[in-house]
S.K.: 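There's a structure below that I have some questions on.
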Amino acid sequence: MEYSFRQIEQKWQAHWKATNAYKVSNESSKPKCYVLDMFPYPSGAGLHVGHPLGYIASDIYSRFKRLKGFNVLHPMGYDAFGLPAEQYAIEHGVHPAVSTEQNISNFRKQLDNIGFCFDWDREVRTSDPSYYKWTQWIFLQLFNSFFNRHTAKATPISQLVESFEKAGNQEHVCPANNALVFSGEEWKSFTPKRQQEILMDYRLAFCGYGEVNWCEALGTVLANDEVVNGVSERGGYPVERKRLRQWYLRITEYADRLLEGLEQVDFSDAMKEMQTNWIGKSYGAEIDFKVSSEQEAVGNLRVYTTRPDTIFGVDFMVVAPELDIVDHLKSAAQASAVEEYLAYVKSRSERERMAEKKISGVFTGAYAINPFNGRKIPIWISEYVLAGYGTGAIMAVPCGDERDHKFAEHFNIPVTNIIGTHYNGRDANPTKDAILENSEFLNGVLMRDAISIVNDRIEAMGIGKRKVNYKMRDAAFSRQRYWGEPFPVQWKDGVAVPLPESELPLELPYVDNYKPGPDGEGPLANIPEWVARELETNTMPGYAGSSWYFLRYMDPHNNQSFCDRKVSDYWGQVDLYIGGTEHAVGHLLYSRMWTKALFDLGYIGHDEPYKKLVNQGMIQGSSRFVYRIHGTHTFVSRGLLEEEETYQQKQLDKLHVDVNIVDGYELDMAAFKNWKPDFSQAEFILEDGKYLCGNEVEKMSKSKFNTVNPDQIVDRFGADTFRMYEMFLGPVEISKPWDTKGIEGVHRFLKKLWRLFIDEQKGVVVNNEPATAEELKVLHRAIRKIEDDTERFSFNTGVSSFMICVNELSDLKCRKKVILDQLLILLTPYAPHIAEELWQLTGNSGSILDASYPIFEEKYVKESAKAYPVAINGKTRAEITISLDATQQQVEAIILEDETVKKWLDGKTPKKIIYVKNKMINVVL
RNA sequence: ACCCGGGUGGUGGAACAGGUAGACACGCAGGACUUAAAAUCCUGUUCGCCGAAAAAGCGAGUACGGGUUCGAUUCCCGUCCCGGGUACCA
């Protein structure tokens with residue numbers, strides 16, 4: 001009987017399915033454990049070997065926790081709305097619902113192959129009306145709430161209305177416009193439309209006009225995190241700034257709570273740092289400067305600075321070109337130069353601004369007056385100051401800020417040095433640790449201390465105040481696309497009116513074409529019935545459905561609520577969340593915000609969704625190359641190339657070759673000729689009769705011909721081998737290259753394990769003899785190590801420990817059921833199929849999935865003595881076995897008698913003998 | 001440019017609170033079994049020196065240069081390189 005993994009795996013997968021082995025109940029006396037994988041988008045390309053890495057890790061952890069007596073929720077589903085399906089629809093005429101369905105079924109087949117313990121009864125799809133009904137419902141909760149800054153909580157908008165009626169907006173400053181002030185009387189006198197406009201400026205989900213990232217090629221708006229280096233994350237199309245009517249989430253109101261929440265969760269420092277930087281909280285001050293301009297009634301120039309201590313080093317002001325004040329600043333002499341510059345700025349696309357950062361700007365002709373010494377400071381405009389951050393104007397301190405310094409250099413503006421020797425005249429120095437000079441009343445003060453001195457002064461003088469700013473913007477929440485959740489909103493007379501709950505879900509209508517509607521609207525605007533009902537024509541973005549899916553898994557079939565409160569209280573936070581870092585600032589921030597809002601409104605009992613987050617690394621491709629002599633059909637084996645990748649001084653073309661027709665480095669030449677018509681004429685210059693390929697580690701992608709399909713691997717080696725090998729490759733968090741060759745080692749391990757139980761001729765050879773002390777020691781060492789490794793996600797060392805254990809038991813010829821049964825249970829999370837098969841073959845009843853995890857017992861691994869490394873001056877020279885309870889004196893006596901030690905002592909007396917129990921001994925001469 | 005990670009054999013990696021560097025595998029080399037192959041098993045495998053070989057021994061060695069320590073892959077300082085994030089955020 002040999003290890004026929006194909007048959008075994010198919011048999012048990014079918015059996016587990018038939019017996020509902022992975023069904024999870026919401027009612028249990030067991031402690032709960034919620035293990036979650038990041039929501040996959042079912043792409044048409046299918047899975048490559050890198051995708052399941054995180055799923056395998058979470059699967060092992062889930063099965064482990066189950067054996068340890070937990071009720072484990074480990075669900076899977078699909079983030080099924082999104083741009084790629086719609087792009088595919090536009091290009092191929094296939095309705096997104098159809099291609100999505102196909103992709104999901106393909107995806108599912110690939111997942112099933114690997115033997116995951118997902119409870120498929122809980123599968124969710126964001127594009128399913130029974131799911132997006134609740135996405136729409138939560139949207140309405142956000143729409144009907146505002147952020148009460150006094151309690152720092154989402155609060156029903158009805159309470160805001162009550163407050164407005166009593167005291168106007170005194171209690172609640174308008175987040176969208178803090179200049180807005182009205183009394184209770186005024187509120188009551190406003191028209192209903194005006195009242196709605198004001199409320200819109202408070203809502204957590206709101207509609208407004210703003211500068212958005214418009215992507216012409218995709219025909220939609222994108223959120224900040226969907227734009228990378230000025231182009232769209234999906235497709236790499238150019239993105240420009242455009243002022244449009246959009247839905248937004250007022251996530252900025254949650255900035256502080258999103259920051260504070262990071263202290264309670266177990267995320268990597270890198271992840272916390274990324275989120276912290278994205279939120280970008282800074283402490284500074286807004287200062288008003290009087291302006292001296294040729295024009296009258298200019299008003300003050302308000303700047304935002306984090307360094308009020310440098311107020312005497314201000315040599316010029318810079319205003320963002322987009323600001324209205326620019327018009328009032330320009331002098332007659334500068335008017336044409338300013339106009340010219342504004343035209344230039346307008347002509348520059350977002351991408352150009354990103355790509356080439358050249359210093360540009362123009363003097364307006366106006367001056368600001370330093371409130372402390374009356375100095376006239378020239379006001380410039382330049383595109384390096386962003387309209388959207390702070391006040392859109394800065395006070396430039398060239399000696400302390402690099403950009404200001406470059407600007408001053410470029411335009412020959414004299415630099416005032418306020419930090420003495422800390423400034424070398426060539427580079428700005430942003431230090432806070434200099435003693436101020438040339439700074440009047442601040443002279444001799446440490447910059448760090450001067451900040452609050454200046455803040456106190458400007459506040460006392462009434463020309464400014466302390467101010468906290470955030471880099472994060474409100475999140476654009478609408479897309480001018482078809483394949484997304486419709487907004488449950490009607491527009492009546494310019495007022496957004498939410499649909500009543502009873503009309504949810506508002507179903508996405510079927511369409512035949514996906515052309516954009518008129519005036520930058522989405523395809524829904526082309527449907528007469530839709531427009532006639534005055535429904536919103538935008539749809540929600542990809543992250544809408546994924547912002548709360550972890551709650552739906554808990555209670556997926558509930559049609560009374562998005563998730564029953566009792567159920568969400570039982571499951572609580574996700575205990576372990578595994579996924580890639582690419583969602584650091586998008587999905588993770590949005591879902592954290594939605595969770596906080598739902599918590600504030602009392603719908604769930606916790607305000608951080610994920611207790612622990614593990615970021616999986618990427619599995620990279622190991623690409624293979626062939627070298628063709630330029631202009632010929634002749635290919636040269638790698639080992640024959642010269643230094644500079646030439647052959648006999650001839651130029652070579654380095655071409656990617658499909659890794660699936662290369663064994664290690666050796667090219668399958670026949671397969672290569674069949675691979676592409678271009679290569680059918682190929683001739684080879686070989687070394688040792690072989691053609692060897694070059695290699696390089698790159699990202700795994702179809703275009704580099706280095707993708708490996710898990711189906712193939714499972715077919716050749718089985719799911720158990722595949723699972724263990726993915727883990728054996730290295731730590732889950734680290735990126736590492738895939739190398740199919742190495743999988744043999746893991747496969748051999750499973751075969752070796754099999755032979756421990758089964759003899760090819762005799763069949764099952766497991767016996768009921770009692771275990772020896774040695775065997776128990778091997779087993780319990782493995783229990784300790786593997787349990788610990790699994791608990792701390794060190795799956796790679798876990799796999800090695802299995803290998804060590806099986807190697808040792810093989811050496812001991814151990815065939816004892818008492819030992820081997822325990823080993824099988826240990827192995828179940830990693831290789832469930834072979835474990836279940838051997839469990840059954842050795843006569844156990846019931847499924848091994850429900851066995852209980854072995855309990856480590858110290859007594860079996862206790863040693864009485866240790867072979868100590870004995871070092872002389874730190875260099876290990878001997879190994880001496882000494883009883884573990886030896887005292888310092890005993891140890892000294894023993895080692896001084898040792899021949900090797902004596903030789904090294906050479907008659908001298910050691911200065912000191914260091915003895916660290918159970919570690920080592922060091923003799924210092 | 002800035003902020004995080006990280007540099008360990010031919011390769012993936014191990015050493016989880018400073019204590020025998022290279023676990024476990026891959027690959028490679030040699031051998032056993034076999035008519036042969038596959039499969040399996042055994043031995044060796046950081047580099048250099050010494051040796052016919054083996055054993056033993058010696059020296060160097062965790063990117064590089066310094067430091068702290070009885071002892072450093074691990075801690076500190078400086079330099080170089082690679083990966084990730086951010087990109088005019090005042």
Side-chain angles (χ1 to χ4, degrees), chain A residues 2 228-230 268-274 276-278 280-282 284 303-307 310 318 353-354 357 359 382-386 388-397 400-404 406-407 430 469-473 581-582 584-585 615 617-618 620 622 664-665 695 697 725 728-731 733-746 748-749 751-752 755 760 785 788-789 792 794 796-804 807 810 867-879 900 903 910-914 916 918-925:
Chain A
E2 58 173 15
V228 179
N229 288 326
S268 70
D269 289 344
M271 177 60 63
K272 289 184 180 182
E273 172 115 2
M274 273 187 247
T276 305
N277 288 344
W278 184 263
K281 185 174 188 175
S282 70
V303 304
Y304 176 71
T305 179
T306 54
R307 296 298 300 277
T310 60
V318 190
R353 283 175 74 158
M354 289 279 193
K357 279 175 192 151
I359 301 167
S382 170
E383 62 177 351
Y384 88 87
V385 170
L386 306 176
Y389 184 76
T391 60
I394 62 157
M395 52 181 231
V397 182
D401 183 281
E402 199 193 321
R403 292 153 308 168
D404 296 349
K406 289 209 172 108
F407 193 85
N469 253 320
Y470 299 92
K471 206 164 99 179
M472 184 168 67
R473 292 288 109 87
T581 44
E582 66 272 23
V585 294
N615 292 115
M618 257 195 322
Q620 296 150 316
S622 185
Y665 297 108
N695 75 301
V697 171
Y725 183 57
F728 187 61
L729 234 35
E733 301 93 330
I734 304 293
S735 295
K736 57 253 158 183
W738 175 266
D739 174 15
T740 302
K741 271 242 134 159
I743 201 169
E744 309 262 356
V746 173
R748 271 177 216 146
F749 153 75
K751 286 199 277 193
K752 194 165 179 177
R755 287 198 307 273
E760 238 174 89
K785 184 75 167 66
D788 185 49
D789 284 348
R792 36 183 272 272
S794 180
N796 56 327
T797 53
V799 175
S800 327
S801 304
F802 280 116
M803 292 172 170
I804 292 169
N807 287 346
S810 299
Y868 282 95
V870 179
I872 316 287
N873 280 341
K875 281 216 179 303
T876 307
R877 299 295 181 183
E879 195 177 77
T900 319
K903 190 185 99 191
K911 275 206 198 96
K912 204 177 358 173
I913 293 173
I914 290 155
V916 184
N918 209 11
K919 293 278 184 198
M920 46 61 70
I921 295 162
N922 190 14
V923 180
V924 186
L925 286 183

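Chain letters run A, B, ... following the sequence lines, proteins first and then strands; every chain starts at 1.
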S.K.: Check the distance between B:rC89's C1' and A:Lys281's NZ and give it to me in whole angstrom.
M.R.: 16 Å
S.K.: Quick one: which protein N/O atoms are closer than 3.5 Å to N/O atoms of nucleotides 20-30 of chain B? Pair and distance per line, please.
M.R.:
residue: B:rU20; atom: N3; partner: A:Glu879; partner atom: OE2; Å: 3.4
residue: B:rA25; atom: OP1; partner: A:Asn807; partner atom: ND2; Å: 2.6
residue: B:rC26; atom: OP1; partner: A:Arg748; partner atom: NH1; Å: 2.3

S.K.: How many whole angstroms separate atom CD of A:Glu733 from atom P of B:rG13?
M.R.: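 To the nearest whole Å, that distance equals 12 Å.
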S.K.: Work out how far the C1' atom of B:rC47 is from that of B:rG10, and round it to whole angstrom.
M.R.: 13 Å
S.K.: Starting at atom CD of A:Glu402, determine the distance to atom P of B:rC88, rounded to an integer number of angstrom.
M.R.: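 Computing the A:Glu402:CD to B:rC88:P distance gives 13 Å.
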S.K.: Taking the C1' atom in each of B:rA14 and B:rG78, what is the distance between them to the nearest angstrom?
M.R.: 29 Å
S.K.: For RNA chain B, produce a single dot-bracket line, 5' to 3'. Pairs: Watson-Crick or G-U wobble, both distances under 3.5 Å. Symbols: ( ) within strand, [ ] crossing, | other strand, . unpaired.
M.R.: (((((((..(((......[....)))((((((.......))))))((((.......))))..(((((..]....))))))))))))....
S.K.: List for me each residue that meets salt bridge (charged side-chain N to carboxylate O under 4.0 Å, His left out) alongside A:Arg473, sequence neighbours excluded, and say none if there are none.
M.R.: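 Expected list: none.
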S.K.: A:Asp401: which residues meet the salt bridge (charged side-chain N to carboxylate O under 4.0 Å, His left out) condition with it, sequence neighbours left out?
M.R.: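 For A:Asp401, the residues satisfying salt bridge (charged side-chain N to carboxylate O under 4.0 Å, His left out) (neighbours in sequence not counted) are A:Arg403.
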S.K.: Just to verify, what does A:Phe802 make a ring pair (Phe, Tyr, Trp, His ring centres under 6.0 Å) with, not counting sequence neighbours?
M.R.: A:Tyr830
S.K.: Without decimals, in angstroms, what is the distance between A:Asn873 CG and B:rC58 P?
M.R.: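 The distance from CG of A:Asn873 to P of B:rC58 comes to 14 Å, rounded to the nearest Å.
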S.K.: What integer number of Å spans the P atoms of B:rG22 and B:rC89?
M.R.: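 One P to the other, the span is 49 Å.
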S.K.: Looking only at atom P, what distance separates B:rU43 and B:rA60, rounded to whole Å?
M.R.: 31 Å
S.K.: Is A:Ser794 reaching over with its side chain to a backbone N or O of A:Asp789, donor-acceptor style, under 3.5 angstrom?
M.R.: no
S.K.: How far, in whole Å, is B:rC64 from B:rC50 if one measures between their C1' atoms?
M.R.: 30 Å
S.K.: Does A:Tyr868 have any ring pair (Phe, Tyr, Trp, His ring centres under 6.0 Å) partners at least two apart in sequence or in another chain, and if so, which?
M.R.: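 With neighbours one apart ignored, the set is A:Tyr915.
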S.K.: Report the residues that fulfil side chain to side chain contact (heavy atoms under 4.5 Å, CB included) with A:Lys471, sequence neighbours left out, ordered by chain and then residue number.
M.R.: none
S.K.: Does B:rA14 sit syn or anti, given that only angles within 90° of 0 count as syn?
M.R.: anti
S.K.: Restricting to salt bridge (charged side-chain N to carboxylate O under 4.0 Å, His left out), what partner residues turn up for A:Lys406, sequence neighbours left out?
M.R.: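 Listed in chain order: A:Glu402.
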S.K.: Rounded to the nearest Å, what distance is computed from the NZ atom of residue A:Lys406 to the P atom of nucleotide B:rA1?
M.R.: 9 Å
S.K.: For A:Ile734 and B:rA14, what is the distance between atoms CD1 and C1' respectively, to the nearest whole Å?
M.R.: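 Answer to the nearest Å: 13 Å.
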S.K.: Looking only at side-chain N and O atoms, does A:Tyr304 come under 4.0 Å of OP1 or OP2 in B:rA90?
M.R.: no
S.K.: Looking only at atom P, what distance separates B:rA90 and B:rG83, rounded to whole Å?
M.R.: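 These two P atoms come out 28 Å apart once rounded.
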S.K.: Say you pick atom C1' in B:rG51 and the same atom in B:rU40; how far apart are they, in whole Å?
M.R.: 36 Å
S.K.: In whole Å, what is the span from the OH atom of A:Tyr384 to the C1' atom of B:rA87?
M.R.: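 Going from A:Tyr384 (OH) to B:rA87 (C1'), I get 16 Å.
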S.K.: When you compare B:rA21 with B:rC33, how far apart are their P atoms, in angstrom units rounded to a whole number?
M.R.: 39 Å
S.K.: Please identify each residue that fulfils salt bridge (charged side-chain N to carboxylate O under 4.0 Å, His left out) with A:Glu733, with sequence neighbours left out.
M.R.: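 Applying salt bridge (charged side-chain N to carboxylate O under 4.0 Å, His left out) to A:Glu733 gives none.
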